[in-house]
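Shown next, in structure tokens, is the structure this report addresses.
Both ligands and their constituent atoms are indexed starting at 1 by order of listing.
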Amino acid sequence: MKLKFSKMHGLGNDFVVVDGIRQTVGLTPERLRQLGDRHLGIGFDQLLLVEAPHDGANDFRYRIFNNDGSEVEQCGNGARCFVKFVTEQKLTNKRAIRVETAKGVIVPEYHSNGLITVDMGVPRLKSLEIPFIADGDAITHPLTVGDDSIDVTVVSMGNPHAVCVVNNVDSAPVAQQGPLVESHPRFPEKVNAGFMQIVNRGEIRLRVYERGAGETLACGTGACAAVVAGIQRGQLDSRVLVHTRGGDLNIEWGGPGHPVKMTGPAVTVFTGEIEI
Ligand SMILES: N[C@H](CCC[C@H](N)C(=O)O)C(=O)O
């Protein structure tokens, strides 16, 4: 059976996007992993599946699968590609859409200049909500990682993030510490590991070792989580320019109880079809 797809990216975080409304998509975890393989398949950090909403008040449902085949709750760069995809595929003529995810509704808005702003919802900060095993809900927690101890701030954007501050992202031990944080036993559902360099109160540099995908060129929810963590730590103001290896995102957060707003680009690289 043929599967039509679009290959897209958000700042180099790359996706296969599939219309699951006008075509039947039955992908096993094994077939997902084959499609995600950059040598044997198409290659992607995540596969994004467009479905009809469960609640008629919303426009779409959005399912996200990591490169390792795991289904996850949220994807920020993917949300920008999602709204570009459903617009290009003429699945909607709305500029702002309501999209159901496994952990709440997000609202991507497609601007006339091609940039997309996404209301990513209210971040969750309590340890149990991440989930993270800890005594209480301090802003930072010491975490033993190999022979080191790092201070992490934990944030859920629907998916779990652990953010630490480093002096320079270029020399940060992302390859060494990233996998150890990702699979740390205090994160029962694993975690995305963010390494943040504070440039000034309105600017950071960020690298993220993603759960289920490894280090990516950019991570949208990771950028949101890093800004929330920096504001919680008292080191950032409410509007932050985030430099990732794949490019820049603008993130805004008004503090606890407020949603995080993310603005950035989305690119369609090619469309195709493949046997599944
Ligand atoms: N690896 C993430 C999902 C993709 C998030 C990232 N690609 C983004 O742009 O937010 C997780 O397992 O929670």
Side-chain angles (χ1 to χ4, degrees), residues 7-18 29 32-33 36 43-49 62-85 99 101-104 106-108 115-121 123-124 129-132 152 154-163 174 178-179 181-184 187-196 206-229 242-251 253 259-267:
K7 187 71 175 13
M8 303 182 76
H9 75 83
L11 301 177
N13 186 194
D14 72 321
F15 309 104
V16 164
V17 190
V18 173
L32 265 169
R33 282 189 290 272
F44 56 74
D45 291 327
Q46 284 85 31
L47 183 140
L48 313 179
L49 182 57
Y62 170 34
R63 295 178 68 186
I64 303 138
F65 300 88
N66 275 326
N67 178 274
D68 68 358
S70 59
E71 183 168 1
V72 292
E73 311 89 342
Q74 193 55 272
C75 180
N77 289 323
R80 301 196 312 277
C81 291
F82 188 101
V83 69
K84 182 178 175 71
F85 177 83
V99 185
T101 73
K103 285 263 185 89
I106 58 172
V107 183
L115 291 177
I116 294 117
T117 296
V118 189
D119 174 337
M120 293 295 294
R124 290 175 281 277
E129 295 173 307
I130 306 305
F132 176 57
V152 295
V154 292
V155 179
S156 173
M157 292 305 302
N159 59 343
H161 291 268
V163 183
V174 176
V181 175
E182 178 201 17
S183 302
H184 197 284
F187 292 95
E189 295 177 11
K190 296 188 175 183
V191 71
N192 298 282
F195 298 80
M196 166 171 63
L206 179 69
R207 289 171 68 183
V208 180
Y209 189 94
E210 285 199 30
R211 177 181 63 170
E215 182 176 7
T216 56
L217 289 176
C219 179
T221 52
C224 296
V227 169
V228 168
V242 179
H243 301 295
T244 75
R245 289 190 149 182
D248 295 346
L249 285 170
N250 283 289
I251 308 292
W253 186 51
V260 182
K261 299 282 180 76
M262 168 190 64
T263 299
V267 174

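- The local environment of NZ in Lys103 is crowded, with over 12 non-hydrogen atoms from other residues, nucleotides or ligands closer than 6.0 Å.
- Scanning all protein heavy atoms for the shortest distance to atom 9 (O) of ligand 1 gives Gly220 N, 2.8 Å.
- Within the structure, ligand 1 lacks Ala213 among the residues with a heavy atom less than 4.0 angstrom away.
- Closest to atom 7 (N) of ligand 1 among all protein heavy atoms lies Asn13 OD1, 2.8 Å.
- Here is the list of ligand 1 atoms found below 4.0 Å of a heavy atom in Asn192: 1 (N), 2 (C), 11 (C), 12 (O), 13 (O).
- A donor-acceptor pair shorter than 3.5 Å cannot be found between the side chains of Asp45 and Thr216.
- Within the 4.0 Å heavy-atom criterion, neither part of Thr216 lies near ligand 1.
- If you run side-chain hydrogen bond (donor to acceptor under 3.5 Å, both in side chains) between Thr221 and each of Gln74, His161, Glu210, only His161 comes through.
- At a 4.0 Å heavy-atom cut-off, ligand 1 touches Thr221 through backbone and side chain alike.
- Heavy atoms of Val72 come nearer than 4.0 angstrom to ligand 1 in at least one pair.
- Of all the heavy atoms of Asn77, the ones lying under 4.0 Å from any atom of ligand 1 are found in both the backbone and the side chain.
- Of all the heavy atoms of Met157, none lies under 4.0 Å from any atom of ligand 1, so neither backbone nor side chain is involved.
- Each of the atoms 1 (N), 2 (C), 3 (C), 11 (C), 12 (O) of ligand 1 lies under 4.0 Å from some heavy atom of Asn66.
- By the criterion of a heavy-atom distance under 4.0 Å, neither the backbone nor the side chain of Ile64 is placed next to ligand 1.
- The shortest non-hydrogen separation linking Gly78 to Phe15 is N-CZ, 3.3 Å.
- Minimum interatomic distance between Asp68 and Ser70 (heavy atoms only, all atoms of both residues): OD1-OG, 2.6 Å.
- The distance from ligand 1 to the heavy atoms of Gly76 drops below 4.0 Å at these ligand atoms: 8 (C), 9 (O), 10 (O).
- The option from Gln74, Glu73, Arg211 that lies nearest to atom 3 (C) of ligand 1, judged by heavy atoms, is Gln74.
- Nearest heavy-atom pair across Val228 and Pro123 is CG2-CG, 3.9 Å.
- Considering every non-hydrogen atom in both Leu32 and Phe44, the closest pair reads O-CZ, 3.5 Å.
- For the pair Pro160 and Asn192, the tightest heavy-atom approach, listed with the atom from each and the gap, is O-ND2, 2.8 Å.
- Between the side chain of Arg207 and the backbone N or O of Phe195, no donor-acceptor pair lies under 3.5 Å.
- The closest protein non-hydrogen atom to atom 5 (C) of ligand 1 is Glu210 OE1, 3.5 Å.
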